[in-house]
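Please read the structure below before turning to the comments.
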Amino acid sequence: MNTEFYLRVLKILKRIPPGRVATYGQIALYAGNPRAARQVAWILHSSSEKENLPWQRVINQQGFISLRPGAGFEYQQALLLAEGVLSDHSGKIDLHRYLWKPKKLL
DNA sequence: AACCTGACTTCGG
DNA sequence: TCCGAAGCCAGGT
């Protein structure tokens, strides 16, 4: 794997403040590879626990949690709720309201 | 090496 | 707005 990309993703993830969310594609973009959204997902899946990452703050471009019901969806939704990130009846999170917009990169 | 899979995105109908 | 297909890239078999 691309170690440099991996490390940059970790640094960026750790900057996402509580109560805000980011998208996979957004993280990939900031880390220097706009097309690596799936790799960001893979990194979260494999390293979120040992790296102590705020994995719950990463959702897809549509504003939905990508985990499937019964496979972490409810848990992620609960963690976000505890931070003040609400979702509507369909499970959609308002990105206009909660999306993390860093002033400057790195 | 070939093929499958996935916590993704984008584009076209 | 709502799918489905295609593009994407890395890991696992």
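First the proteins, then the strands, lettered A, B, ... as listed; each starts at 1.
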task: Enter the distance from L13(A):CG to W100(A):CH2 here, rounded to the nearest 0.5 Å.
output: 8.5 Å

- request: Measure the NE2-OG distance between H89(A) and S87(A) for me, rounded to the nearest 0.5 Å.
  value: 10.5 Å

query: With the 4.5 Å side-chain cut-off for hydrophobic clustering, are L7(A) and L44(A) part of the same group?
result: yes

Nearest-Å distance, [atom1] ([X]) to [atom2] ([N])?
X: F5(A); N: dC8(C); atom1: CZ; atom2: C1'; value: 12 Å
X: N2(A); N: dC8(C); atom1: CG; atom2: C1'; value: 15 Å
X: L29(A); N: dC8(B); atom1: CG; atom2: C1'; value: 14 Å
X: K92(A); N: dC2(C); atom1: NZ; atom2: C1'; value: 12 Å
X: W42(A); N: dT9(B); atom1: CH2; atom2: C1'; value: 20 Å

field: side chain to side chain donor-acceptor pair (under 3.5 Å) partners for S90(A), two or more places apart
entry: D88(A)

- request: Check each residue of residues 62-90 of chain A for a non-hydrogen atom within less than 4.0 Å of any atom in DNA chain C, then write out the ones that pass by number, or none.
  value: none

field: Those residues of residues 43-60 of chain A lying under 4.0 Å from DNA chain C by at least one heavy atom
entry: none

- prompt: Within a reach of under 6.0 Å around OH of Y75(A), are more than 12 heavy atoms found that belong to other residues, nucleotides or ligands?
  reply: no

- prompt: Would the number of heavy atoms belonging to other residues, nucleotides or ligands and lying under 6.0 Å from CD of E74(A) be above 12?
  reply: yes

message: Regarding E83(A) and Q56(A), do their side chains bring together a donor and an acceptor under 3.5 Å, going by distance alone?
response: yes

- prompt: Counting only distance, no hydrogens or angles, is the base of dC8(B) paired donor-acceptor with the side chain of R38(A) under 3.5 Å?
  reply: yes

query: So what does Q39(A) hit on the nucleic acid, given a heavy-atom distance under 4.0 Å: a base, only sugar-phosphate, or nothing?
result: base

query: For the side chain of R35(A), counting heavy atoms from C-beta on, which of dA7(B), dC8(C), dT10(B) is nearest?
result: dC8(C)

field: Minimum side-chain heavy-atom gap Q77(A)-I65(A) below 4.5 Å
entry: yes

- prompt: With a 4.5 Å heavy-atom cut-off, do R57(A) and P18(A) have their side chains touching?
  reply: yes

